[in-house]
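Right, one structure below, let's go through it.
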Protein chains: 2
Amino acid sequence: MRTVDWDENSNALKLIDQRALPHELCILRYDDYREVAEAIRSMVVRGAPAIGATAAYGLALAARQSGAKSPEELRRDLDAAADLLRATRPTAVNLAWALERTLSAVSNFDVSVDELRAKVLEEARKIADEDAMLNRRMAQHGAALIEDGDVIIHHCNTGSLAAVEWGTALGVIRMAHEQGKRIHVLVDETRPRLQGTRLTAWELQQYHIPFDIITDNAAGYFLSTGQAHKVLFGADRIAANGDVANKIGTYMLALAAVDNTVPVYAVAPTSTIDLRLENGRLVPIEERDPEEVLKLQINGKEVAPPGACARNPAFDITPYRLITAIVTENGIAFPPFSINLRRAVEGKLG
Amino acid sequence: MRTVDWDENSNALKLIDQRALPHELCILRYDDYREVAEAIRSMVVRGAPAIGATAAYGLALAARQSGAKSPEELRRDLDAAADLLRATRPTAVNLAWALERTLSAVSNFDVSVDELRAKVLEEARKIADEDAMLNRRMAQHGAALIEDGDVIIHHCNTGSLAAVEWGTALGVIRMAHEQGKRIHVLVDETRPRLQGTRLTAWELQQYHIPFDIITDNAAGYFLSTGQAHKVLFGADRIAANGDVANKIGTYMLALAAVDNTVPVYAVAPTSTIDLRLENGRLVPIEERDPEEVLKLQINGKEVAPPGACARNPAFDITPYRLITAIVTENGIAFPPFSINLRRAVEGKLG
């Protein structure tokens, strides 16, 4: 079962509810694009590639829901739906990328409204299918970087659940494992939403890859004592200079790795690379509900004192100088990133 | 009420149960040194200075409990009790320091057993009283480093609860606030035991100092976007070269501060400085129960999948090159620490 999938029988979008994992594997169905937008916002689905495919299917639903009588009318309805979907999460560029690509499928007004509706769904399907295929290629490229016996620190969730299938950084780890390399993963729990503890640990159990969960705070200890050999994570947006926007905490993890000369690999499809942005300071950083920080409990009790406030930025920027290489479906980009990321996007990494 | 106090009426040790905060302010009473050892191990009491005073009072209880007929016998019983108390937490040096100091009070065997018993209690009281006084002096020295308008990132809990009274790094913040400086604290939640969310946030509420709780992961974001101006924390042991052993996560926080040229201050009494240790690599790092990482809940549900394992180192080492200055009760030690820490211990910082 894919994380993001289209149900041919009922013409609905199916999403694995990632909020219910690891305790329940719930599949939710959507036939209204507005509910899809809410599903992205509330993180039923998360992970840059998964969000992109979900948004494209959201447009397919919007096309079905539209009562448009002309291609022009349909295009207006789709533009409005795309605006709603795009506004749900500002940081990951895959969301905007998938919407643009799907909208371009209705740029030809010489066909019927129904033909256009079919075109939108076809494009969404293509995006999802390509994502699965690209992620597999990415995993094959990246697995070459992993050595037998490696202990790898991994941040957030970048597995099958973060994409349509297979995943980005966790896809690399899975591929290396399937190649017979002995790997141990130190799973950053990834506060505040604990995607490491909830999702990555659960995925690693499915793949029978050995792991230990660690607090995000502990990564520096394992790196400075020589107990970790690689750091891997995904990306939500990569600027032209190689700065990586990713889950909050990535920057401090990369700093600790570099301080101990441990290589740092970001893994992302080229749809995550935003060549229009010169550097990472230009990436909009989403600040989410403080409740995500405050609501955790131990032994059934809230931890924070009543009345406490919190700040909750969801992403940070890891400067390119801390990144050893960026793994894409078109190969591995090494510095200078300002040259090699463009080559990756153009499929000319050589 | 002090965090660690002696009840004259019942001749018992009173501790604030820090596991019950911030929801309940419970005072626990101890008349058996073995239960005191368990209270240190299970973190009823924590914080390097508070643990030191608690252990000294533990010896006072052991002296009362001993049926010794001679000073030699009493000394043997106290040595055994000290061994038990010392083994509870390996990283903080204040624990061993307070035990040594209290034991030295029974080095004179020319007096009666009862006089020696009284001596042990007197020494424990002195350690507690001095801790309160030294912390106040430390806070006054440190407050000079804080500027009006500062946003300060603070790790773990270093306030009144971590000492007998007043505290170390949080004492500095409180003193600067009392001096009328406008301060905002970004409280690292401090996984896994969340001393920031549970204890520091609660203390800041008592002092009416404005704050926001942040995930430990988020410190790098606030530092790299210019939203934080100082980093403050305590210490559990400081080596002769200035390497600081402190709560897990301190190292990554200091890295992020230095990467953004934000000053990093450690605040600790000279009893935390261990001149016998050349560098931080020689500090024993306690690894605690993985359940501390795994047992957290959200909405009443466990987060980790059943069967998941964890690693839980409780401290890390921040190399001296990342520390701007170390604040002690005898003044502020700047680099070179190998010279100035010795001067601080000898009261010759000038």
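So that the names make sense, note that chain A is the first sequence line, chain B the second, and so on, each numbered from 1. Because the structure is predicted, anything quoted here is derived from the model rather than measured.
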Around atom CZ of B:Arg41, are there more than 12 heavy atoms of other residues, nucleotides or ligands at under 6.0 Å?
yes

Does any heavy atom of chain A fall under 4.5 Å from the side chain of B:Ala314, the backbone, both, or neither of them?
neither

Taking atom OG1 of B:Thr215 and atom CZ of A:Arg311, what is their separation to the nearest 0.5 Å?
11.5 Å

Who wins among A:Leu194, A:Asp316, A:Val187 for the most heavy-atom pairs under 4.5 Å with chain B?
A:Leu194

Does the distance from a Lys or Arg side-chain N to an Asp or Glu carboxylate O, for B:Arg321 and A:Asp259, drop under 4.0 Å?
yes

Nearest non-hydrogen partners of A:Pro306 and B:Gln205, listed with the distance:
O-NE2, 3.0 Å

Does B:Gln297 use its side chain to pair, donor to acceptor, with the backbone of A:Leu296 at less than 3.5 Å?
no

Answer with side chain, backbone, both or neither: which region of A:Leu199 has an atom nearer than 4.5 Å to a non-hydrogen atom of chain B?
neither

Taking C-beta and beyond as the side chain, do A:Lys247 and B:Asn217 meet within less than 4.5 Å on heavy atoms?
no

Closest heavy-atom contact between A:Trp202 and B:Pro305?
N-CG, 3.9 Å

Against chain B, work out which of A:Pro313, A:Pro290, A:Ala308 has the most heavy-atom pairs shorter than 4.5 Å and name it.
A:Pro313

For a 4.5 angstrom cut-off between non-hydrogen side-chain atoms, does B:Phe211 reach A:Cys309?
no

Hey, is CD on B:Glu38 packed in by over 12 heavy atoms from elsewhere, all under 6.0 Å?
yes

Does a sphere of radius 6.0 Å around CD in A:Gln206 hold more than 12 heavy atoms from other residues, nucleotides or ligands, not counting ones at 6.0 Å or beyond?
yes

Counting only heavy atoms not in B:Tyr320 (residues, nucleotides, ligands), do more than 12 fall under 6.0 Å from its OH?
no

Measure the spacing between CG of B:Asn312 and CD1 of A:Ile213 and express it to the nearest 0.5 Å.
11.5 Å

By a 4.5 Å heavy-atom criterion (distance strictly below it), what part of B:Glu302 contacts chain A: side chain, backbone, both, or neither?
both

Cut-off 4.5 Å, heavy atoms of chain A, and the answer for B:Leu204 is neither

What part of A:Leu21 gets within 4.5 angstrom of chain B, counting heavy atoms only: side chain, backbone, both, or neither?
neither

Separation of A:Lys295 NZ from B:Ile298 CD1 (nearest 0.5 Å)
6.0 Å

Would you call B:Arg198 and A:Lys301 a side-chain contact if the rule is heavy atoms closer than 4.5 Å?
no

Should A:Ile214 and B:Val293 count as side-chain neighbours, where that means a heavy-atom distance under 4.5 Å?
no

Which answer fits B:Asp216, side chain, backbone, both or neither, if we ask what part of it has an atom under 4.5 Å from a heavy atom of chain A?
both

Option among B:Thr250, B:Ile248, B:Ile317 that satisfies the side chain to side chain contact (heavy atoms under 4.5 Å, CB included) test with A:Tyr221
B:Ile248

What's the spacing between A:Arg191 CZ and B:Arg191 CZ if we round to 0.5 Å?
7.0 Å

Under the rule for salt bridge (charged side-chain N to carboxylate O under 4.0 Å, His left out), what residues qualify as partners of A:Glu203, not counting sequence neighbours?
none

Which pair of non-hydrogen atoms, one from B:Ala304 and one from A:His23, has the smallest distance, and what is that distance?
O-CE1, 3.6 Å

Pairs in or reaching into residues 233-245 of chain B: which pass side-chain hydrogen bond (donor to acceptor under 3.5 Å, both in side chains), with residues at least two apart or in two chains?
B:Arg237-B:Asp274, B:Asn241-B:Asp243

